[in-house]
Amino acid sequence: MSQNQIEILQRAVKREKAARKAAEKILEDKSRELYDLTEKLKGSNLKLNELLEEKSSTLKGVFDNINDAYLVMDLFGNVLKMNEVAKDLFGYDIEKETFNVTEIIYEEDIEYTSNSFKELYEKGFFNAYTARVYSKSKEVKWIQINATVIYDKNNKAIAAQGIIRDITKDKVAEDLLIESENRLAALVLNLNSGIILEDENRKIVLSNTKFCELFKVDASPQDLLGMDCKMASEQNKVLFKESSSFVERMDEIVAKREPIFGEQLEMVDGIILERNYIPIFIGGKIKGYLWTFRDITLEKKYNISLEVEKEKYSNIIANMNLGLVEINIEDKISMVNQSFLEMSGYAKEELIGKVGGDIFTFNSGSNIIKDQKVKRLKGESTSYEFKTKNKKGDIKYWLVSAAPNYNLHGENIGSIALNLDITNFKKLELQKEQILKELEKSNEHLHEYAHIVSHDLKSPLRSIDALVSWIKADNEGKFDEMTLQNFGLVETTLETMEKLISDVLEYSSAGSSTQEDEDVDLNNTLCDLKKILFIPENISVNVLKNLPIIKGDKTKFQQLFQNFISNAIKFCDKEVGIVEINYEDKEPFHQFSIRDNGIGIEKKYHDKIFEVFTSLNKREDSTGIGLSIVKKIIALHEGKIWLESEPNKGTTFYFTIKKELNENSTT
């Protein structure tokens, strides 16, 4: 190798060493930079992790403490995460049970919910979704949701999250508000006063049906909206008698901006309207005008008629036969009419301003006036009678009807009393009482006399009956068949006569009460009658309902039902006889019915059968007095009797007994 080549190689090695040193320095510098960068990245990562943890903690706090419900669900509706508010709202806890939102959707909102979720998945969000859901306890709740879709790193939808607000109370309040607004709108629309509401530019913003009716507007209230009220007034002025000043007066009212009430307008057809006006200010600025119109035609006519009637009745009061007295709160007489002056014998000057108790003497005791006044001060109307003397000293009986007298403020300012002179009625009443006492004594004497006559009549009959029996016994075997038949007829006639006398005595006493009233259980009465009456085997006597306990004479009630049942048995012509007793409460009466399936009674005899000694079927055991006795007993108890009957089908007797206040209820 030549020296030249060696030098070239040495220079090349030297350059290579220099290049290697430069490369090593660059590598060393880059390594140092990389190390510094690595240290910085470690610090940044640490800070990032700390920040992430801080943000996660913050989000967890927000998630846990947010006032609204929050939940995360997968794309199939399965809830993956929910806060405490959501648990309280829906009633589900995903840590203990599965929860799918599709199970709680309200039936009527299913379609709306389905469309909303499609929108969520298509757009990635929806706002203000409002619908109803069921809680776990099946309570219906209104909710509002703002939701977004959650995507993975590949921008693929994997879940959805939402904030849910319970708006149930707000919805109820909203519904109530809407209902109130609808009611108010309906009220305004159908109000009995015509209404026009204008804005500040006098454009109509509200009207109602009554306004259209009063102003003969051939349109609906809706058609008037937006109309210029001044122009409408110009068109309607022809409806009023003073048409030239109608519009001018409205302009004057609007210009003053002061409320107007009770202004009257007379229309050409005779209708009278009352006009009221209220300007509407908001923040000191005029915002509208409210006009109301009311038809007061009848009211005006009524007031005029009232004045006429007042004058007429003032004349009637002054001259009516009833004495009218007005007394103030201090018991002083403040007004009397002419009739009272005539009743009392005093002049008007002698009574006005005087206390009634100082002028009139009250034999029934001075407390009567005080007692009646106490009642009237309590607001009670009273009615009473008292014995007094007129100015001449004559004894008078007055019937007084008094009532509290009130002023316009509802304050009791005294009494108004109507006085009727019942002196003549009172004398007649006293005479009546005396006559009734004498009549009662006469009835007692008559009753005693009837018993005596009955006994005296029966005695010779029984003697004759005994003589016939003795004659037959003494001449046994001596009389022929005809004679014995005649003796039999005599005995039958004697029995009939004795029964007739007994029935007449019973009839005479049927219309009077001879015993003290007592509680009579009619169920027991019917049971006793079934035991003592002869009831053939083919006839059944049934009580269909429990009978009441009635206050009265036990014997008379027994007579009553005994006559009905005996007649039903006597006149039964059927193989199977039926007698049914029924009861109905017909306030203020007890109503009874006795039905049989016997021979029946023709319509023309329905009234005649209650007459004394009337018997449609001549029988030896019937005197024709039984139903007359029944009618008298029913009349004694203020009742009525009637019947329904057809020949061969049977008869139903109905009768009523007046109830007493202290009577027991039906058992």
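Heavy-atom basis, side chains included; hydrogens, waters and symmetry copies ignored.
- The CD atom of E326 sits 5.0 Å away from the CE atom of M335 when rounded to the nearest 0.5 Å.
- Remark: side-chain polar atoms of N419 are paired, donor with acceptor, to backbone N or O of G323 under 3.5 angstrom.
- In this structure, the side chains of V140 and Y134 come closer than 4.5 Å at one or more pairs of heavy atoms.
- Side-chain contact between V336 and L324 is absent, with no heavy atoms from C-beta onward closer than 4.5 Å.
- The backbone N or O of H590 lies less than 3.5 Å from no partner atom in the side chain of T656, so there is not a single donor-acceptor pair.
- Taking CG from D421 and CD from E342, the interatomic distance works out to 11.0 Å, rounded to the nearest 0.5 Å.
- By the neighbour-count criterion of 12 heavy atoms within 6.0 Å, atom NZ of K649 is sparsely surrounded, having that number or fewer from other residues, nucleotides or ligands.
- In terms of the side chain to side chain donor-acceptor pair (under 3.5 Å) criterion, residue partners of E213 (sequence neighbours excluded) are, by chain and number, K210.
- In this structure, the separation between CG on L399 and CZ on F425 is 10.0 Å, given to the nearest 0.5 Å.
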- Message: With side chain to side chain contact (heavy atoms under 4.5 Å, CB included) as the criterion, how do Q558 and V520 come out once you've worked through the C-alpha distance, each side chain's angles and the decisive distance to 0.1 Å?
- Response: CA-CA 10 Å; Q558 184 170 323; V520 181; over 6 Å; no

- Task: Please lay out, stage by stage, how L351 and L341 fare under the test side chain to side chain contact (heavy atoms under 4.5 Å, CB included).
- Result: CA-CA 9 Å; L351 297 177; L341 297 177; 3.7 Å; yes

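- Closest non-hydrogen pair, T423 versus Y397, comes out as OG1-N, 3.1 Å.
- The aromatic rings of Y583 and F592 sit tilted, their planes meeting at an angle between 30° and 60°.
- Between E638 and K658 there is a salt bridge, since at least one side-chain N of the basic residue sits less than 4.0 Å from a carboxylate O of the acidic one.
- Annotation: salt bridge (charged side-chain N to carboxylate O under 4.0 Å, His left out) contacts of E108 (sequence neighbours excluded): R132.
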Ignoring hydrogens and angles, write down the donor-acceptor pairs under 3.5 Å from the side chains of residues 532-544, residues two or more places apart or on other chains.
{"residue": "N538", "atom": "ND2", "partner": "K574", "partner atom": "O", "Å": "3.3"}
{"residue": "N538", "atom": "ND2", "partner": "E575", "partner atom": "O", "Å": "3.2"}

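- Within 6.0 Å of the CD atom in E587, the count of heavy atoms belonging to other residues, nucleotides or ligands exceeds 12.
- When the side chain to side chain contact (heavy atoms under 4.5 Å, CB included) test is applied to K604, the partners found at least two apart in sequence or on another chain are E602.
- Environment of OH in Y406: crowded, with over 12 heavy atoms of neighbouring residues, nucleotides or ligands closer than 6.0 Å.
- A distance of 5.5 Å separates NZ of K586 from CD of Q591, quoted to the nearest 0.5 Å.
- P404 places none of its side-chain heavy atoms less than 4.5 Å from the side chain of S415.
- The side-chain heavy atoms of L377 and N412, taken from C-beta on, include a pair separated by under 4.5 Å.
- A donor-acceptor pair under 3.5 Å is formed between the side chain of N337 and the backbone N or O of L322.
- For NZ of K640, the number of neighbouring non-hydrogen atoms (other residues, nucleotides, ligands) closer than 6.0 Å is 12 at most.
- The backbone N or O of N546 sits nowhere less than 3.5 Å from a side-chain atom of N523 that would complete a donor-acceptor pair.
- The two atoms that bring K631 and I641 nearest to each other are CG-CG2, 4.2 Å, heavy atoms only.
- Side-chain atoms of N475 come within 3.5 Å of backbone atoms of I471 as a donor-acceptor pair (strictly under, hydrogens ignored).
- With sequence neighbours left out, the side chain to side chain donor-acceptor pair (under 3.5 Å) criterion links S645 to T651.
- When all heavy atoms are compared, the tightest approach of V579 to A568 is CG2-CB, 3.7 Å.
- At least one side-chain heavy atom of K301 sits under 4.5 Å from a side-chain heavy atom of T297.
- Centroid-to-centroid, the aromatic rings of F655 and F589 stay 6.0 Å apart or farther.
- Side-chain contact between I601 and F571 is absent, with no heavy atoms from C-beta onward closer than 4.5 Å.
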- Message: For D480 and T483: C-alpha separation, side-chain torsions, deciding distance, then whether side-chain hydrogen bond (donor to acceptor under 3.5 Å, both in side chains) applies.
- Response: CA-CA 5 Å; D480 57 19; T483 303; 2.6 Å; yes

- Steps toward side chain to side chain contact (heavy atoms under 4.5 Å, CB included) verdict (F564, V630): CA-CA 8 Å; F564 278 124; V630 161; 3.4 Å; yes

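- For N424, there are no side chain to side chain donor-acceptor pair (under 3.5 Å) partners at least two apart in sequence or on another chain.
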- Taking it one step at a time, do R595 and I578 satisfy side chain to side chain contact (heavy atoms under 4.5 Å, CB included)? CA-CA 8 Å; R595 186 183 77 86; I578 297 172; 4.0 Å; yes

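- Only one option out of I550, D521, L526 pairs with F557 in a side-chain contact (heavy atoms from CB on, under 4.5 Å); it is I550.
- Residues W398 and Y384 keep their aromatic ring centres 6.0 Å or farther apart.
- Classification of K545 and E584 as a salt-bridged pair fails, no side-chain N sitting under 4.0 Å from a carboxylate O.
- One finds a salt bridge joining K426 and E385 here, because a Lys/Arg side-chain nitrogen approaches an Asp/Glu carboxylate oxygen to under 4.0 Å.
- Between E644 atom CD and S593 atom OG the span is 9.5 Å, to the nearest 0.5 Å.
- Remark: side-chain polar atoms of D519 are not paired, donor with acceptor, to backbone N or O of K551 under 3.5 angstrom.
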